[in-house]
Amino acid sequence: MTADQPAHADMVNAARRLRYDLPAHRGQQVTLEMLEWADSVLAMDAAVLTTLRAIWSPSARATTCSATSRC
């Protein structure tokens, strides 16, 4: 996703199934501070999840889930 672009329609639909509302979402570069602040972090595919795990500190309190797994 490019910064300041809306989420792809398929991702909006996947998030909706998990009861997340993304129509107003705009892309931005994820920072460690964002991950540490978050209660939940959704990764829309395995590549994104790998990237998030690479920058996410083990002490963060967030829960990571992919759109295809149950949280």
Please report the interatomic distance [atom1]([X]) to [atom2]([Y]), rounded to the nearest 0.5 Å.
X     : Y     : atom1 : atom2 : answer
Gln5  : Gln28 : CD    : CD    : 13.0 Å
Leu52 : Leu32 : CG    : CG    : 11.0 Å
Leu35 : Ile55 : CG    : CD1   : 5.0 Å
Met11 : Leu22 : CE    : CG    : 10.0 Å

Checklist outcome for this item: Heavy-atom closest pair (Asp4 atom, Arg26 atom, distance to 0.1 Å) is O-CD, 3.5 Å
Next on the checklist: Could you go through Met34 and Gln29, starting from their C-alpha distance and side-chain angles, then the distance that decides it, and tell me whether this counts as side-chain contact (heavy atoms from CB on, under 4.5 Å)?
Outcome noted: CA-CA 10 Å; Met34 288 176 176; Gln29 186 67 39; over 6 Å; no
